[in-house]
Amino acid sequence: MKWSQFFTSAVGRKIVMALTGLFLISFLIVHVGLNSCIFNDLKWFNPNDNGSMFNRAAYFMGNSLVIRIMEIGLFAGIILHAIQGYAVEAKNRGMRRKGYQVTLGNRGSTWMSRSMAILGTLIFLYLVVHVAQFWWPSRITQNLEEANYNGREVHNLFLRMYDVFQEPWVVILYLLGVASLAFHLFHGFHSAFRSLGVHNRKYLSMLKGVGYGFTVIVCILFALMPISMYLGWVGPNN
């Protein structure tokens, strides 16, 4: 089988989906770790931090050549994951066009597995807004306010986050995006390993548990970011 045939075959598309999905999951670990630096401003840690830890970490990541190269791979991974996902969904819909005499419901598949395309679309729209609000002004227009740490000027992304999350509709939008991500991961995490050949029930059960734990922790942290800033738990001079 030629490579072009492999990537357009049902098995090939699922493998590409699995690999790009796992790559994007690794990005989530880095992203949630970096953004969680905002919580250093909580009164239980350092109420005088004023975003220093987060801004310094964001500056380091933004000026690392390795990270800048990985950003290209990240965007490529998102696009490839989306294209292959829609291709798989289109083929599945075509095979189900005639439908069944008896609706299986969750006996045949879970709601999450049947809704992966919809959830993925919601996540993609959320990412467009997220990129427009943070990545674009930081990387392209570079029109953010500056913060000075030991004589070094860095983008005050902490202040940008605070300003963005003062709008209730933005907070609601982000929470909907995080909810979509959670349902997407609940099914996608262990399904990626299944697509790569893991079929042992014991291992799949373990991976499902790891996936659920990972999803809950990551999505709670992501959800707390807009909530904590909107409610004033975290913010400039708090």
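No experiment lies behind these values; they were computed from the predicted model shown. Hydrogens, waters and symmetry mates play no part in the numbers below; they use all other heavy atoms, side chains included.
No side-chain heavy atom of E167 sits under 4.5 Å from any side-chain heavy atom of Y230. Side-chain contact between Y162 and Q166: present, with at least one pair of heavy atoms (C-beta onward) separated by less than 4.5 Å. Contact check for V170 versus P226: no side-chain heavy atoms found under the 4.5 Å cut-off. No side-chain heavy atom of F183 sits under 4.5 Å from any side-chain heavy atom of T215. A heavy-atom distance below 4.5 Å is found between the side chains of L224 and F39.
Nearest heavy atom pair, residue L42 against residue W233, reads CD2-O, 3.7 Å. Across all non-hydrogen atoms, the minimal contact from V178 to C219 is CG1-O, 3.3 Å. When all heavy atoms of G177 and I123 are compared, the closest pair comes out as O-CG1, 4.4 Å.
No donor-acceptor pair closer than 3.5 Å links the side chain of N50 to the backbone N or O of D41. Between the side chain of N156 and the backbone N or O of A147 there is no donor-acceptor pair closer than 3.5 Å.
In M70, the CE atom is not crowded: 12 or fewer heavy atoms of neighbouring residues, nucleotides or ligands sit closer than 6.0 Å.
Residue H155 holds its NE2 atom at 5.5 Å from CG of L144, rounded to the nearest 0.5 Å. Taken to the nearest 0.5 Å, the OH atom of Y174 stands 11.5 Å off from the CE atom of M229. To the nearest 0.5 Å, the span separating CE on M161 from CG on N55 amounts to 10.0 Å. Residue L80 holds its CG atom at 11.0 Å from CD1 of I78, rounded to the nearest 0.5 Å. Of the inter-residue distances, the one linking I227 atom CD1 with F222 atom CZ reads 13.5 Å to the nearest 0.5 angstrom. For the atom pair W135 CH2 and T141 OG1, the distance stands at 10.0 Å (nearest 0.5 Å).
One hydrophobic cluster holds both I220 and V234 under the rule that ILVMFWY side chains link at heavy-atom gaps under 4.5 Å. Under a hydrophobic-cluster definition in which Ile, Leu, Val, Met, Phe, Trp and Tyr are linked whenever side-chain heavy atoms come within less than 4.5 Å, directly or via other members, V129 and I172 are assigned to different clusters. Cluster membership check: I72 does not share its hydrophobic cluster with W136, using side-chain heavy-atom separations under 4.5 Å among Ile, Leu, Val, Met, Phe, Trp and Tyr. Y149 and F45 fall into different hydrophobic clusters, where Ile, Leu, Val, Met, Phe, Trp and Tyr side chains are chained together by heavy-atom contacts under 4.5 Å. Side-chain heavy atoms closer than 4.5 Å link hydrophobic residues (I, L, V, M, F, W, Y) into clusters, and following such links, even through other members, never connects I38 to L159.
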### Task
Quick one: do F165 and L231 satisfy side chain to side chain contact (heavy atoms under 4.5 Å, CB included)? Show the steps, please.
CA-CA 9 Å; F165 291 139; L231 295 179; over 6 Å; no

### Query
Hey, mind stepping through L185 and F214 against side chain to side chain contact (heavy atoms under 4.5 Å, CB included) and telling me if it holds?
CA-CA 9 Å; L185 286 173; F214 171 84; 4.3 Å; yes

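Every pair passing salt bridge (Lys or Arg N to Asp or Glu O under 4.0 Å) that includes a residue from residues 132-157 is listed here, sequence neighbours excluded: E71-R139.
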Can you give each donor-acceptor pair under 3.5 Å made by side-chain atoms of residues 193-211, sequence neighbours left out, with the distance rounded to 0.1 Å?
from, atom 1, to, atom 2, distance (Å)
S195, OG, S191, O, 3.1
N200, OD1, K202, N, 2.9
N200, OD1, Y203, N, 3.2

Under 3.5 Å, side-chain donor or acceptor atoms of residues 19-37 against the rest of the protein: list the pairs with distances, not counting sequence neighbours.
from, atom 1, to, atom 2, distance (Å)
T20, OG1, V16, O, 2.7
T20, OG1, M17, O, 3.2
T20, OG1, H81, ND1, 2.8
S26, OG, F23, O, 2.4
S36, OG, V32, O, 2.6

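Shown here are the ring-ring contact (aromatic ring centres under 6.0 Å, His included) partners of H190, two or more places apart in sequence or in another chain: H187. For F124, there are no ring-ring contact (aromatic ring centres under 6.0 Å, His included) partners two or more places apart in sequence or in a different chain. Under the ring-ring contact (aromatic ring centres under 6.0 Å, His included) criterion, F134 pairs with H130, sequence neighbours left out.
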